[in-house]
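Scroll down for the structure; my scribbles are underneath it.
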Amino acid sequence: MDEETHERIRNAVARVPAGKVASYGDIAALAGASNPRFVGRVLKEDGFDLPWHRIVRTDGTVAKPHQLPRLRDEGLEIPGNRIDMNRYRWDPGDYSPAKN
DNA sequence: ATTTTGACTACTG
DNA sequence: ACAGTAGCCAAAA
């Protein structure tokens, strides 16, 4: 894998604001990763100091349930085991350009 | 070198 | 809502 892509993924995840979430596909596209699975791999191996709990599936479900209480702690209102993507999905264009 | 697996996504039934 | 299938890329066995 490319170190550059790896770093871009970490960077993309790092700039997801608290109280918002992004899908793996979003991060992949934002970071220029080949595919969403690569994002998950990076988070698992090098995401220990990143807000990986803000990265959820496109349908609002999460890969690891323990991120739900954690997201709630960041201010998200999660009625059940699913996140309201329509409301909490982070829009990278609305935040800041990216760079880097 | 080939196969399996994975913190994925989308489509179909 | 849930199970199966396909496409996808990289690391690990």
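Per chain, numbering begins at 1; letters A, B, ... match sequence-line order. Just so you know, these numbers come straight off a predicted model, no measurement behind them. In what follows, every heavy atom counts, from backbone to side chain, and hydrogens, waters and symmetry copies are set aside.
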Quick one: which of C:dA11, B:dT9, B:dC8 gets closest to the side chain of A:S23?
-> B:dT9

Does some side-chain heavy atom of A:V16 sit less than 4.5 Å from a side-chain heavy atom of A:I27?
-> yes

Does CG in A:N81 sit with more than 12 non-hydrogen atoms of other residues, nucleotides or ligands closer than 6.0 Å?
-> no

Interatomic distance, A:Y24 OH vs C:dG7 C1' [rounded to whole Å] | 19 Å

Rounded to the nearest Å, what distance is computed from the CD1 atom of residue A:I83 to the C1' atom of nucleotide B:dA7?
-> 13 Å

Could you state the atom-to-atom distance from CG of A:N35 to P of B:dG6 in whole Å?
-> 15 Å

Could you check how far CZ of A:R41 sits from P of C:dA12, rounded to whole Å?
-> 8 Å

Atom-to-atom span, CD1 of A:I27 to P of C:dC8 - whole angstrom = 22 Å

What's the CG-P distance between A:L43 and B:dA7, to the nearest Å?
-> 11 Å

Would you say A:R37 reaches B:dG6's phosphate, i.e. side-chain N/O to OP1/OP2 under 4.0 Å?
-> no

For A:R54 and A:G19, indicate whether the former's side chain and the latter's backbone hold a donor-acceptor pair under 3.5 Å.
-> no

Take the protein atom CD1 of A:I55 and the nucleotide atom C1' of B:dA7, then report the distance between them rounded to whole Å.
-> 10 Å

Distance between C1' atoms of B:dA1 and C:dA13 (Å, rounded) | 13 Å

Is A:I55 close to A:V21 at the side-chain level, that is, under 4.5 Å between some pair of heavy atoms?
-> no

Flag side-chain contact, heavy atom, 4.5 Å: A:T58 against A:M85 | no

Side chain of A:R82 only, please: which of C:dC9, C:dA1, B:dT9 is the nearest?
-> C:dA1

Given atom CG of A:D59 and atom P of C:dA1, what is their separation to the nearest angstrom?
-> 9 Å

What distance, rounded to whole Å, do you find between the two C1' atoms, one in C:dC8 and one in B:dG6?
-> 12 Å

Options B:dT9, B:dA7, B:dC8, nucleotide nearest the side-chain atoms of A:T58 = B:dT9

Heavy-atom side-chain contact between A:D91 and A:K20 under 4.5 Å = no

When you compare the protein's N or O atoms with those of nucleotides 11-13 of chain B, which come within less than 3.5 Å of each other, and at what distance?
none

Would you check if A:V56 and A:L71 make a side-chain contact, meaning some heavy-atom pair closer than 4.5 Å?
-> yes

